[in-house]
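Worksheet: the structure to be examined is printed underneath.
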Amino acid sequence: MGGAVTKSDAREWVPETKLEAKIKEAVQRRASKGTTMKSFNSIILKFPKIDEGLRNCKAIFQEFDEDSNGSIDHSELKNCFRKLEILFEEEEINDLFQACDINEDMEIAFTEFIVLLCLVYLLKDDSSTLQKKWRLGMPKLEPTFETLVDTFVFLDENKDGHVSREEMFIAIDESGERSSGRIAMKRFEEMDWDRNGMVNFKEFLFAFTQWVGIDENEEDDDDNNNKT
């Protein structure tokens, strides 16, 4: 990417929870390895493949939705982690559940489950044992989640663990899109859920599921299922 973004361009994002701090550290650790993304256009070209990859989560989601009610509760999530041999402490599981339960209904919907698994993928670098278990349990998901992490690293030009409005403008402006300023503003507002002018990795993930059409298509599938 071109023009550098300095610390003066945006306030520094301060994690509010222990989990957010771990995610920020993991993102910055991953950023030190660089990114394969060359432009925002290269990200867009990957949307179909990412969409296909994320849908591989559906079978896992349905497997652990033990009562088939369309969501995963806290007990089901703990069973999911145990069966997949994801060795997180009770507190870490609770934090992940709370962080991904966006509508605070004490259940994890499919898109929330995608985000949760991607966070687990990012945090797995803290444990070589978890890396091995992950590859055995969910090998098809790893390339998709790596692409999502790579995309965030690309957008986070100054590698401070969040994406600022200025960084989003630079990424889209360099794509050569007409009306790039308007597009950048729209994309950033879709990501910045708490309207603090900074986008963390979790916010980015939720927005990305919408960009590739997961929300819309899943709702259509649910409606069709209800009619049959």
Side-chain angles (χ1 to χ4, degrees), residues 1-2 5 23 26-27 30-31 33-62 100 102 108-124 134 138-157 159 161-193 198-225:
M1 292 168 65
V5 177
I23 292 170
V27 167
R30 172 59 184 79
K33 301 176 183 178
T35 175
T36 62
M37 297 296 177
K38 303 300 182 184
S39 68
F40 196 77
N41 286 337
S42 68
I43 297 171
I44 294 174
L45 289 174
K46 292 181 180 291
F47 276 15
K49 195 70 175 177
I50 294 171
D51 176 63
E52 178 184 349
L54 293 180
R55 292 183 191 285
N56 286 328
C57 294
K58 190 65 175 180
I60 299 172
F61 178 82
Q62 292 173 334
C100 295
I102 293 299
I108 299 294
F110 178 53
T111 52
E112 294 170 333
F113 186 68
I114 290 174
V115 172
L116 189 148
L117 285 184
C118 193
L119 292 179
V120 170
Y121 170 78
L122 175 69
L123 295 171
K124 73 177 175 51
W134 176 279
M138 290 177 281
K140 292 183 179 179
L141 297 179
E142 183 163 318
T144 299
F145 288 154
E146 178 57 29
T147 299
L148 291 174
V149 175
D150 202 21
T151 298
F152 186 83
V153 168
F154 168 78
L155 295 175
D156 179 19
E157 181 165 325
K159 313 309 177 197
H162 74 267
V163 176
S164 68
R165 184 179 286 102
E166 289 79 8
E167 287 171 323
M168 195 66 187
F169 269 80
I170 289 173
I172 293 184
D173 185 58
E174 291 185 350
S175 71
E177 288 282 347
R178 297 178 62 182
S179 305
S180 59
R182 179 177 56 81
I183 295 171
M185 178 62 74
K186 183 175 186 298
R187 290 302 192 194
F188 187 82
E189 288 178 350
E190 290 168 351
M191 292 192 295
D192 186 18
W193 284 29
M198 298 169 281
V199 174
N200 61 34
F201 186 59
K202 186 186 75 173
E203 290 177 312
F204 162 77
L205 290 175
F206 275 107
F208 212 99
T209 62
Q210 296 175 348
W211 292 354
V212 299
I214 293 292
D215 275 353
E216 178 183 350
N217 292 334
E218 288 306 315
E219 287 175 3
D220 290 343
D221 289 344
D222 290 342
D223 289 343
N224 291 335
N225 290 335

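The structure displayed is predicted, hence computed values, not measured ones.
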Determine the minimum heavy-atom distance between Leu122 and Ala26, stating which atoms define it. CG-CB, 3.7 Å
Which pair of non-hydrogen atoms, one from Thr151 and one from Phe204, has the smallest distance, and what is that distance? CG2-CZ, 3.7 Å
Taking atom CG of Asn200 and atom CG of Asp156, what is their separation to the nearest 0.5 Å? 11.0 Å
Just how far is it from atom CG of Leu123 to atom SG of Cys118, taken to the nearest 0.5 Å? 9.5 Å
Nearest heavy atoms of Phe154 and Ala171, plus distance in Å: CE2-CB, 4.2 Å
Hey, what do you get for SG (Cys100) to CG (Leu117), rounding to the nearest 0.5 Å? 9.0 Å
Applying side-chain hydrogen bond (donor to acceptor under 3.5 Å, both in side chains) to Trp211 and not counting sequence neighbours gives Glu190
What do the steps show when you test Leu119 against Phe201 for side chain to side chain contact (heavy atoms under 4.5 Å, CB included), and what is the final call? CA-CA 9 Å; Leu119 292 179; Phe201 186 59; 3.7 Å; yes
Check ion pair Glu146-Arg30 (N to O, under 4.0 angstrom): yes
Intermediate values then yes/no, side chain to side chain contact (heavy atoms under 4.5 Å, CB included), Asp51 and Arg55: CA-CA 6 Å; Asp51 176 63; Arg55 292 183 191 285; 3.1 Å; yes
Should the pair Tyr121 and Phe145 be assigned to parallel (<30°), tilted (30 to 60°) or perpendicular (>60°) ring geometry? tilted
How far does CE of Met191 sit from CG of Leu155, to the nearest 0.5 angstrom? 6.0 Å
Would Ile60 and Leu141 count as a side chain to side chain contact (heavy atoms under 4.5 Å, CB included) here? Give the steps. CA-CA 10 Å; Ile60 299 172; Leu141 297 179; 3.5 Å; yes
Taking all atoms of both residues into account, what is the closest heavy-atom pair of Val163 and Met168, and its distance? CG1-N, 4.3 Å
Locate the shortest heavy-atom distance separating Phe152 from His162; write the atom from each residue and the value. CZ-CA, 3.9 Å
For a quick test of reading the model, state the closest non-hydrogen atom pair linking Val153 to Val27 and the distance between them. CG2-O, 4.4 Å
Could you tell me the separation between the CG atom of Leu54 and the CZ atom of Phe47, rounded to the nearest 0.5 Å? 11.0 Å
Distance-only, no hydrogens or angles: does the Glu157 side chain make a donor-acceptor pair with backbone N or O of Glu167 under 3.5 Å? no
Thr144 side chain to Ile50 main-chain N or O, any donor-acceptor pair under 3.5 Å? no
